[in-house]
Amino acid sequence: MNTVPTITVMGATGHTGSNIAQRLLKSGAKVRALGRNQGKLSALQSAGAEVRTGDVADAGFLAEAFREADAVYTLLATDRRAPDYAARQAREGEAIADAVRKSGVPRVVALSSLGADLPEATGVISGLHAQELQLQRIASIDLLLLRPASFFENFFEALDVVRQTGVLADSVAPDIAMPMVAADDIAAVAAQALIQRNWSGIAVRELLGPRDLSHAEVARILGERIGQPDLTYVQLSDAEMANALVGAGLSAGFADLYIEMTRAFNANRVHPLDRGTHRSSTPTAFEDFAGRLAGAHAALLSTREFVKTN
Ligand SMILES: NC(=O)c1ccc[n+]([C@@H]2O[C@H](COP(=O)([O-])OP(=O)(O)OC[C@H]3O[C@@H](n4cnc5c(N)ncnc54)[C@H](OP(=O)(O)O)[C@@H]3O)[C@@H](O)[C@H]2O)c1
(Lines give C-alpha, C1' and ligand atoms only; values in the text may rest on other atoms or scores of the structure.)
Protein backbone atom coordinates (compact mmCIF):
# COMPACT_ATOMS: atom_id res chain seq x y z
CA MET A 1 0.00 0.00 0.00
CA ASN A 2 1.33 3.48 -0.90
CA THR A 3 1.63 5.82 2.08
CA VAL A 4 1.22 9.57 1.73
CA PRO A 5 4.71 11.13 1.57
CA THR A 6 5.73 14.01 3.83
CA ILE A 7 7.80 16.59 2.00
CA THR A 8 9.53 19.67 3.42
CA VAL A 9 9.86 22.70 1.14
CA MET A 10 12.31 25.49 1.94
CA GLY A 11 11.60 29.00 0.63
CA ALA A 12 7.90 28.19 0.31
CA THR A 13 6.94 31.82 -0.37
CA GLY A 14 9.59 32.24 -3.08
CA HIS A 15 9.62 31.82 -6.85
CA THR A 16 10.19 28.08 -6.90
CA GLY A 17 9.18 26.93 -3.42
CA SER A 18 5.65 28.38 -3.49
CA ASN A 19 4.81 26.64 -6.74
CA ILE A 20 6.40 23.38 -5.57
CA ALA A 21 4.38 23.43 -2.34
CA GLN A 22 1.14 24.03 -4.26
CA ARG A 23 1.88 21.21 -6.70
CA LEU A 24 2.73 18.81 -3.87
CA LEU A 25 -0.48 19.66 -2.00
CA LYS A 26 -2.49 19.01 -5.18
CA SER A 27 -0.78 15.63 -5.53
CA GLY A 28 -2.00 14.67 -2.05
CA ALA A 29 1.40 14.86 -0.30
CA LYS A 30 1.76 16.19 3.25
CA VAL A 31 3.71 19.42 2.95
CA ARG A 32 5.83 21.23 5.53
CA ALA A 33 6.24 24.72 4.10
CA LEU A 34 9.16 26.75 5.48
CA GLY A 35 9.56 30.52 5.42
CA ARG A 36 10.23 33.42 7.71
CA ASN A 37 6.89 35.22 7.56
CA GLN A 38 3.78 33.54 8.94
CA GLY A 39 1.46 35.93 7.09
CA LYS A 40 3.01 35.17 3.70
CA LEU A 41 2.65 31.44 4.39
CA SER A 42 -1.03 31.67 5.35
CA ALA A 43 -2.35 30.82 1.86
CA LEU A 44 -0.38 27.57 1.91
CA GLN A 45 -1.62 26.88 5.42
CA SER A 46 -5.22 27.34 4.25
CA ALA A 47 -4.48 24.94 1.39
CA GLY A 48 -3.44 22.27 3.90
CA ALA A 49 0.29 22.74 4.47
CA GLU A 50 1.91 22.64 7.88
CA VAL A 51 3.84 25.90 8.00
CA ARG A 52 6.97 26.58 10.03
CA THR A 53 8.90 29.82 10.35
CA GLY A 54 12.58 30.19 11.20
CA ASP A 55 15.93 31.26 9.84
CA VAL A 56 17.44 29.20 7.03
CA ALA A 57 20.86 29.52 8.65
CA ASP A 58 19.57 27.79 11.82
CA ALA A 59 20.55 24.12 11.51
CA GLY A 60 18.41 23.15 14.52
CA PHE A 61 15.28 24.69 12.99
CA LEU A 62 15.97 22.97 9.66
CA ALA A 63 16.76 19.58 11.24
CA GLU A 64 13.39 19.63 13.05
CA ALA A 65 11.63 20.56 9.82
CA PHE A 66 13.41 17.81 7.85
CA ARG A 67 12.87 15.11 10.52
CA GLU A 68 10.69 12.20 9.36
CA ALA A 69 10.18 13.79 5.97
CA ASP A 70 10.46 11.46 2.98
CA ALA A 71 12.14 14.16 0.92
CA VAL A 72 13.17 17.83 1.17
CA TYR A 73 13.53 20.69 -1.29
CA THR A 74 16.47 22.90 -0.35
CA LEU A 75 17.74 26.26 -1.55
CA LEU A 76 20.07 29.04 -0.47
CA ALA A 77 17.69 31.90 0.30
CA THR A 78 20.50 34.43 0.77
CA ASP A 79 19.39 38.03 1.23
CA ARG A 80 21.00 40.21 -1.43
CA ARG A 81 21.36 42.96 1.18
CA ALA A 82 23.71 40.77 3.28
CA PRO A 83 27.02 42.70 3.50
CA ASP A 84 29.06 39.50 2.98
CA TYR A 85 26.79 37.60 0.62
CA ALA A 86 29.26 34.75 0.02
CA ALA A 87 29.75 34.17 3.76
CA ARG A 88 25.99 34.10 4.26
CA GLN A 89 25.61 31.58 1.41
CA ALA A 90 28.25 29.40 3.11
CA ARG A 91 26.48 29.64 6.49
CA GLU A 92 23.12 28.66 5.00
CA GLY A 93 24.76 25.83 3.05
CA GLU A 94 26.40 24.45 6.18
CA ALA A 95 23.11 24.64 8.10
CA ILE A 96 21.31 22.73 5.35
CA ALA A 97 23.98 20.00 5.16
CA ASP A 98 24.06 19.73 8.94
CA ALA A 99 20.26 19.45 9.11
CA VAL A 100 20.18 16.81 6.37
CA ARG A 101 22.70 14.72 8.33
CA LYS A 102 21.02 15.20 11.71
CA SER A 103 17.50 14.55 10.49
CA GLY A 104 18.35 11.44 8.48
CA VAL A 105 16.09 12.58 5.61
CA PRO A 106 16.79 10.16 2.75
CA ARG A 107 16.06 12.25 -0.38
CA VAL A 108 17.10 15.80 -1.26
CA VAL A 109 16.20 17.89 -4.29
CA ALA A 110 18.51 20.91 -4.14
CA LEU A 111 18.16 24.11 -6.15
CA SER A 112 21.53 25.01 -7.62
CA SER A 113 22.34 26.87 -10.85
CA LEU A 114 23.67 26.51 -14.32
CA GLY A 115 27.42 27.09 -13.98
CA ALA A 116 27.64 25.37 -10.59
CA ASP A 117 30.02 22.86 -12.17
CA LEU A 118 32.63 25.68 -12.11
CA PRO A 119 34.50 26.16 -8.83
CA GLU A 120 35.20 29.89 -9.05
CA ALA A 121 34.98 33.22 -10.88
CA THR A 122 31.22 32.93 -11.39
CA GLY A 123 30.17 35.31 -8.61
CA VAL A 124 26.93 34.32 -6.92
CA ILE A 125 27.06 30.90 -8.60
CA SER A 126 30.32 29.91 -6.85
CA GLY A 127 28.39 29.64 -3.57
CA LEU A 128 26.05 27.14 -5.18
CA HIS A 129 29.03 25.10 -6.40
CA ALA A 130 30.22 24.89 -2.78
CA GLN A 131 26.73 23.89 -1.65
CA GLU A 132 26.61 21.10 -4.24
CA LEU A 133 29.91 19.72 -2.93
CA GLN A 134 28.67 19.84 0.66
CA LEU A 135 25.55 17.86 -0.17
CA GLN A 136 27.44 15.39 -2.34
CA ARG A 137 29.59 14.48 0.66
CA ILE A 138 26.53 13.10 2.53
CA ALA A 139 26.68 9.45 1.57
CA SER A 140 23.31 8.50 3.07
CA ILE A 141 21.10 10.52 0.69
CA ASP A 142 19.76 10.33 -2.82
CA LEU A 143 20.51 13.80 -4.20
CA LEU A 144 19.09 15.57 -7.22
CA LEU A 145 20.89 18.80 -8.08
CA LEU A 146 18.75 21.13 -10.20
CA ARG A 147 20.78 23.55 -12.29
CA PRO A 148 18.41 26.08 -13.83
CA ALA A 149 19.46 28.91 -16.11
CA SER A 150 18.52 32.55 -15.30
CA PHE A 151 14.87 32.88 -14.30
CA PHE A 152 12.43 34.83 -16.53
CA GLU A 153 11.19 36.25 -13.20
CA ASN A 154 14.37 38.35 -12.89
CA PHE A 155 12.85 40.75 -15.43
CA PHE A 156 10.09 41.72 -12.96
CA GLU A 157 12.79 43.67 -11.14
CA ALA A 158 13.71 45.56 -14.31
CA LEU A 159 10.19 46.89 -14.94
CA ASP A 160 10.47 49.97 -12.79
CA VAL A 161 13.65 51.02 -14.63
CA VAL A 162 11.83 50.38 -17.93
CA ARG A 163 9.03 52.66 -16.70
CA GLN A 164 11.41 55.38 -15.54
CA THR A 165 14.02 55.36 -18.31
CA GLY A 166 12.34 53.66 -21.27
CA VAL A 167 15.17 51.11 -21.62
CA LEU A 168 16.00 47.65 -20.33
CA ALA A 169 19.49 47.74 -18.79
CA ASP A 170 22.00 45.29 -17.31
CA SER A 171 25.70 44.46 -17.58
CA VAL A 172 25.12 41.37 -19.74
CA ALA A 173 26.29 41.80 -23.34
CA PRO A 174 23.32 42.55 -25.63
CA ASP A 175 23.75 39.84 -28.25
CA ILE A 176 24.88 36.83 -26.24
CA ALA A 177 22.16 34.20 -26.44
CA MET A 178 21.79 32.47 -23.11
CA PRO A 179 19.35 29.95 -21.68
CA MET A 180 16.54 31.34 -19.49
CA VAL A 181 13.76 29.45 -17.73
CA ALA A 182 10.41 29.99 -16.00
CA ALA A 183 10.44 29.29 -12.24
CA ASP A 184 7.16 27.37 -12.58
CA ASP A 185 8.88 24.94 -14.95
CA ILE A 186 11.63 24.40 -12.36
CA ALA A 187 8.90 23.77 -9.79
CA ALA A 188 7.21 21.20 -12.02
CA VAL A 189 10.43 19.19 -12.33
CA ALA A 190 11.24 19.53 -8.62
CA ALA A 191 7.74 18.51 -7.48
CA GLN A 192 7.76 15.45 -9.72
CA ALA A 193 11.21 14.42 -8.45
CA LEU A 194 10.13 14.88 -4.83
CA ILE A 195 7.12 12.62 -5.28
CA GLN A 196 8.49 9.99 -7.61
CA ARG A 197 11.25 7.59 -6.79
CA ASN A 198 12.66 7.39 -10.29
CA TRP A 199 16.16 8.67 -9.47
CA SER A 200 18.84 7.61 -7.02
CA GLY A 201 22.43 8.30 -6.04
CA ILE A 202 23.64 11.71 -7.19
CA ALA A 203 21.81 13.10 -10.21
CA VAL A 204 22.20 16.47 -11.95
CA ARG A 205 19.54 18.07 -14.11
CA GLU A 206 19.93 21.29 -16.08
CA LEU A 207 16.77 23.29 -16.77
CA LEU A 208 17.16 25.57 -19.75
CA GLY A 209 13.91 26.85 -21.24
CA PRO A 210 12.85 26.08 -24.81
CA ARG A 211 15.50 28.28 -26.50
CA ASP A 212 18.35 30.65 -25.74
CA LEU A 213 17.65 34.39 -25.78
CA SER A 214 19.82 37.48 -25.93
CA HIS A 215 18.95 40.49 -23.81
CA ALA A 216 18.37 42.47 -27.02
CA GLU A 217 15.71 39.89 -27.97
CA VAL A 218 14.18 40.04 -24.51
CA ALA A 219 13.81 43.83 -24.89
CA ARG A 220 12.17 43.40 -28.31
CA ILE A 221 9.66 40.79 -27.07
CA LEU A 222 8.91 42.69 -23.87
CA GLY A 223 8.62 46.01 -25.76
CA GLU A 224 5.98 44.54 -28.07
CA ARG A 225 3.98 43.19 -25.13
CA ILE A 226 3.98 46.46 -23.17
CA GLY A 227 3.16 48.66 -26.17
CA GLN A 228 6.70 50.09 -26.46
CA PRO A 229 7.95 48.40 -29.66
CA ASP A 230 11.04 50.64 -29.66
CA LEU A 231 12.16 49.40 -26.21
CA THR A 232 15.91 48.80 -26.44
CA TYR A 233 18.43 47.00 -24.30
CA VAL A 234 21.37 49.00 -22.98
CA GLN A 235 24.51 47.30 -21.65
CA LEU A 236 25.76 49.10 -18.55
CA SER A 237 29.44 49.22 -17.61
CA ASP A 238 30.38 47.17 -14.55
CA ALA A 239 30.61 50.36 -12.46
CA GLU A 240 27.19 51.60 -13.64
CA MET A 241 25.63 48.22 -12.88
CA ALA A 242 27.19 48.06 -9.42
CA ASN A 243 25.91 51.60 -8.68
CA ALA A 244 22.42 50.64 -9.85
CA LEU A 245 22.35 47.57 -7.60
CA VAL A 246 23.62 49.44 -4.56
CA GLY A 247 21.19 52.29 -5.36
CA ALA A 248 18.37 49.72 -5.27
CA GLY A 249 19.41 48.75 -1.73
CA LEU A 250 21.49 45.63 -2.41
CA SER A 251 24.86 45.23 -0.71
CA ALA A 252 28.14 46.23 -2.34
CA GLY A 253 29.31 42.66 -1.70
CA PHE A 254 26.37 41.25 -3.66
CA ALA A 255 26.95 43.79 -6.46
CA ASP A 256 30.58 42.61 -6.83
CA LEU A 257 29.45 39.00 -7.13
CA TYR A 258 26.72 39.95 -9.62
CA ILE A 259 29.29 41.71 -11.81
CA GLU A 260 31.60 38.70 -11.63
CA MET A 261 28.68 36.48 -12.69
CA THR A 262 27.75 38.66 -15.68
CA ARG A 263 31.42 38.72 -16.75
CA ALA A 264 31.32 34.92 -16.73
CA PHE A 265 28.12 35.04 -18.86
CA ASN A 266 29.74 37.50 -21.27
CA ALA A 267 32.83 35.31 -21.63
CA ASN A 268 30.49 32.36 -22.34
CA ARG A 269 31.95 30.41 -19.43
CA VAL A 270 28.54 29.55 -17.95
CA HIS A 271 26.99 27.14 -20.39
CA PRO A 272 24.99 23.92 -20.39
CA LEU A 273 26.71 20.57 -20.22
CA ASP A 274 23.50 18.77 -21.20
CA ARG A 275 22.58 20.85 -24.27
CA GLY A 276 20.44 19.19 -26.89
CA THR A 277 18.89 16.52 -24.73
CA HIS A 278 15.13 16.92 -24.40
CA ARG A 279 15.54 16.29 -20.66
CA SER A 280 16.95 19.77 -20.10
CA SER A 281 14.42 21.75 -22.15
CA THR A 282 11.45 23.22 -20.27
CA PRO A 283 8.13 24.19 -21.93
CA THR A 284 7.36 27.85 -21.13
CA ALA A 285 8.53 30.27 -23.84
CA PHE A 286 9.56 33.81 -22.94
CA GLU A 287 6.96 35.07 -25.45
CA ASP A 288 4.25 33.52 -23.26
CA PHE A 289 5.80 34.55 -19.96
CA ALA A 290 6.07 38.13 -21.23
CA GLY A 291 2.28 38.45 -20.73
CA ARG A 292 2.86 38.27 -16.97
CA LEU A 293 5.56 40.93 -17.20
CA ALA A 294 3.21 43.12 -19.23
CA GLY A 295 0.51 42.73 -16.57
CA ALA A 296 2.95 43.77 -13.85
CA HIS A 297 4.16 46.70 -15.98
CA ALA A 298 0.57 47.90 -16.51
CA ALA A 299 -0.09 47.63 -12.77
CA LEU A 300 3.05 49.67 -12.10
CA LEU A 301 1.93 52.38 -14.54
CA SER A 302 -1.58 52.60 -13.09
CA THR A 303 -0.24 52.82 -9.52
CA ARG A 304 2.07 55.67 -10.56
CA GLU A 305 -0.80 57.43 -12.36
CA PHE A 306 -2.93 57.04 -9.23
CA VAL A 307 -0.13 58.50 -7.06
CA LYS A 308 0.36 61.42 -9.51
CA THR A 309 -3.32 62.36 -9.67
CA ASN A 310 -4.05 62.04 -5.93
N1 LIG B 1 17.12 34.10 -10.15
C2 LIG B 1 17.83 33.35 -10.94
O3 LIG B 1 18.00 33.63 -12.14
C4 LIG B 1 18.48 32.09 -10.39
C5 LIG B 1 19.07 31.20 -11.28
C6 LIG B 1 19.66 30.04 -10.76
C7 LIG B 1 19.65 29.80 -9.39
N8 LIG B 1 19.06 30.71 -8.56
C9 LIG B 1 19.09 30.45 -7.10
O10 LIG B 1 17.77 30.33 -6.63
C11 LIG B 1 17.76 30.55 -5.21
C12 LIG B 1 16.54 31.34 -4.84
O13 LIG B 1 15.40 30.56 -5.13
P14 LIG B 1 13.96 31.21 -5.39
O15 LIG B 1 14.10 32.25 -6.46
O16 LIG B 1 12.98 30.12 -5.54
O17 LIG B 1 13.71 31.93 -4.01
P18 LIG B 1 13.28 33.45 -3.75
O19 LIG B 1 12.13 33.83 -4.64
O20 LIG B 1 14.54 34.26 -3.76
O21 LIG B 1 12.72 33.34 -2.28
C22 LIG B 1 13.52 33.02 -1.18
C23 LIG B 1 12.66 32.27 -0.18
O24 LIG B 1 13.40 32.07 1.03
C25 LIG B 1 12.77 32.77 2.11
N26 LIG B 1 13.80 33.37 2.96
C27 LIG B 1 14.62 34.39 2.65
N28 LIG B 1 15.47 34.63 3.67
C29 LIG B 1 15.13 33.77 4.64
C30 LIG B 1 15.63 33.53 5.95
N31 LIG B 1 16.65 34.24 6.46
N32 LIG B 1 15.06 32.57 6.69
C33 LIG B 1 14.03 31.83 6.20
N34 LIG B 1 13.53 32.01 4.96
C35 LIG B 1 14.07 32.97 4.20
C36 LIG B 1 11.91 33.82 1.44
O37 LIG B 1 10.90 34.25 2.31
P38 LIG B 1 10.18 35.70 2.10
O39 LIG B 1 9.06 35.45 1.11
O40 LIG B 1 9.70 36.04 3.45
O41 LIG B 1 11.21 36.64 1.56
C42 LIG B 1 11.41 33.03 0.24
O43 LIG B 1 10.44 32.08 0.63
C44 LIG B 1 19.09 31.24 -4.89
O45 LIG B 1 19.95 30.35 -4.24
C46 LIG B 1 19.63 31.60 -6.26
O47 LIG B 1 21.03 31.67 -6.30
C48 LIG B 1 18.46 31.83 -9.03
Side-chain angles (χ1 to χ4, degrees), residues 8-23 32-44 49 51-62 64-65 73-82 85-86 88-93 95-96 99 109-118 122-132 134-135 145-158 170 172 178-191 205-209 213 215 218 250 254 257-258 260-262 264-265 270 272 282 286 289:
T8 300
V9 179
M10 289 182 68
T13 54
H15 288 124
T16 56
S18 61
N19 193 292
I20 291 169
Q22 286 158 19
R23 285 173 186 270
R32 279 185 205 146
L34 310 192
R36 57 181 167 177
N37 181 321
Q38 185 78 30
K40 281 175 85 174
L41 287 161
S42 62
L44 282 173
V51 308
R52 297 195 188 182
T53 54
D55 187 355
V56 284
D58 177 348
F61 162 69
L62 292 180
E64 268 311 301
Y73 175 71
T74 67
L75 54 74
L76 299 185
T78 322
D79 186 341
R80 293 175 299 169
R81 285 163 302 182
Y85 184 91
R88 177 71 197 187
Q89 278 182 309
R91 245 185 88 199
E92 291 179 18
I96 291 169
V109 175
L111 182 62
S112 181
S113 173
L114 197 69
D117 53 303
L118 302 170
T122 55
V124 181
I125 300 171
S126 303
L128 295 163
H129 171 81
Q131 168 68 353
E132 286 197 1
Q134 251 177 343
L135 292 173
L145 299 166
L146 296 179
R147 290 186 184 161
S150 293
F151 298 1
F152 293 158
E153 281 72 7
N154 296 340
F155 292 106
F156 280 114
E157 296 184 34
D170 206 304
V172 181
M178 46 190 272
M180 299 183 198
V181 63
D184 286 0
D185 289 350
I186 303 168
V189 172
R205 184 137 173 213
E206 293 179 338
L207 300 169
L208 305 177
L213 288 160
H215 277 58
V218 166
L250 310 186
F254 172 81
L257 292 172
Y258 186 87
E260 188 177 272
M261 179 178 72
T262 56
F265 290 155
V270 173
T282 52
F286 185 73
F289 185 86

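Read the numbers this way: they start at 1 and go in the same order the structure lists the ligands and their atoms. The first residue in the sequence is number 1, and the count goes up from there. Heavy atoms only: backbone and side chains are in, while hydrogens, waters and symmetry mates are out.
- Using a 4.0 Å cutoff on heavy atoms, Ala183 does not count as a contact of ligand 1.
- Between Ala149 and Val181, the closest heavy-atom pair is O-CG1, 3.5 Å.
- Ser113 places no side-chain N or O within 3.5 Å of a backbone atom of Ile125 that could act as its donor or acceptor partner.
- Nearest protein heavy-atom neighbour of atom 39 (O) of ligand 1: Thr13 OG1, 2.5 Å.
- The distance from ligand 1 to the heavy atoms of Ser113 drops below 4.0 Å at these ligand atoms: 6 (C), 7 (C).
- Of all the listed residues (Ser150, Gly11, Gly54), Gly54 holds the heavy atom that lies closest to atom 33 (C) of ligand 1.
- The contact set between ligand 1 and Thr16, taken as ligand atoms under 4.0 Å from a residue heavy atom, comprises 14 (P), 16 (O).
- Contact check for His129 versus Thr122: no side-chain heavy atoms found under the 4.5 Å cut-off.
- A donor-acceptor pair is defined here as one N or O able to donate and one able to accept, closer than 3.5 Å; such a pair exists between the side chain of Arg52 and the backbone of Glu64.
- From the protein, the heavy atom lying nearest to atom 9 (C) of ligand 1 is Leu111 CD2, 4.2 Å.
- Annotation: Tyr85 places no N or O atom under 3.5 Å from an N or O atom of ligand 1; distance criterion only.
- For ligand 1, the atoms closer than 4.0 angstrom to any heavy atom of Ser112 are 6 (C), 7 (C).
- In this structure, the side chain of Gln89 does not engage the main chain of Thr78 through any donor-acceptor pair within 3.5 Å.
- The backbone N or O of Ala77 lies less than 3.5 Å from a partner atom in the side chain of Glu92, making a donor-acceptor pair.
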### Query
Going through the distances and angles, do Phe155 and Met180 end up as a side chain to side chain contact (heavy atoms under 4.5 Å, CB included)?
CA-CA 11 Å; Phe155 292 106; Met180 299 183 198; 3.7 Å; yes
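- For atom 41 (O) of ligand 1, a protein non-hydrogen atom is found at a distance below 4.0 Å.
- In this structure, Ala149 counts as a contact residue of ligand 1, since one of its heavy atoms falls inside 4.0 Å of the ligand.
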### Message
Pair Phe151, Ile186 - check side chain to side chain contact (heavy atoms under 4.5 Å, CB included), show working.
### Response
CA-CA 9 Å; Phe151 298 1; Ile186 303 168; 3.3 Å; yes
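- Only the side chain of Lys40 comes within 4.0 Å of ligand 1, judged by heavy-atom distances.
- The ligand atoms of ligand 1 that sit less than 4.0 angstrom from a heavy atom of Leu75 are 13 (O), 16 (O).
- Within the 4.0 Å heavy-atom criterion, the part of Leu128 lying near ligand 1 is the side chain and not the backbone.
- Nearest protein heavy-atom neighbour of atom 32 (N) of ligand 1: Val56 N, 3.1 Å.
- Under a 3.5 Å cut-off, the side chain of Thr282 and the backbone N or O of Gly209 do form a donor-acceptor pair.
- If you check which protein heavy atom lies closest to atom 21 (O) of ligand 1, you get Gly14 CA, 3.4 Å.
- Within the 4.0 Å heavy-atom criterion, neither part of Ala57 lies near ligand 1.
- Closest of all the heavy-atom pairs between Leu114 and Pro272 is CD1-CA, 3.9 Å.
- Within a 4.0 Å radius of atom 46 (C) of ligand 1, the protein has no heavy atom.
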### Intermediate values then yes/no, side chain to side chain contact (heavy atoms under 4.5 Å, CB included), Leu34 and Leu62
CA-CA 9 Å; Leu34 310 192; Leu62 292 180; 3.9 Å; yes
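- Ring orientation note: the planes of Phe152 and Phe286 are nearly perpendicular, at an angle over 60° on the 30°/60° scale.
- Near Ala12, meaning under 4.0 Å from one of its heavy atoms, ligand 1 places the atoms 43 (O).
- When only non-hydrogen protein atoms are considered, atom 22 (C) of ligand 1 lies nearest to Ala77 CB, 4.3 Å.
- Taking 4.0 Å as the cut-off, Arg52 does not count as a neighbour of ligand 1 on heavy-atom distance.
- In this structure, atom 1 (N) of ligand 1 lies nearest to the protein heavy atom Asn154 OD1, 3.0 Å.
- Salt-bridge formation is detected for the pair Asp55/Arg88: a Lys NZ or Arg NE/NH1/NH2 atom is positioned less than 4.0 Å from an Asp or Glu carboxylate oxygen.
- Here the shortest heavy-atom pairing between Ala183 and Glu153 reads N-OE1, 3.1 Å.
- Among all protein heavy atoms, the one lying closest to atom 15 (O) of ligand 1 is His15 ND1, 3.2 Å.
- Of all protein heavy atoms, the one closest to atom 44 (C) of ligand 1 is Leu76 O, 3.1 Å.
- Residue Ile125 does not touch ligand 1, judged by heavy-atom distances below 4.0 Å.
- Within the 4.0 Å heavy-atom criterion, neither part of Thr78 lies near ligand 1.
- Contacts of Arg88 with ligand 1, taken as heavy-atom pairs under 4.0 Å, involve the side chain alone.
- Here the closest heavy-atom approach between residue Ser42 and residue Gly39 is recorded as OG-O, 2.8 Å.
- The nearest non-hydrogen atom to atom 2 (C) of ligand 1, considering only Phe151, Phe152, Phe155, Phe61, comes from Phe151.
- Summarising the geometry of Arg147 relative to Asp117, their closest heavy-atom pair is NH1-CB, 3.7 Å, with the distance given to 0.1 Å.
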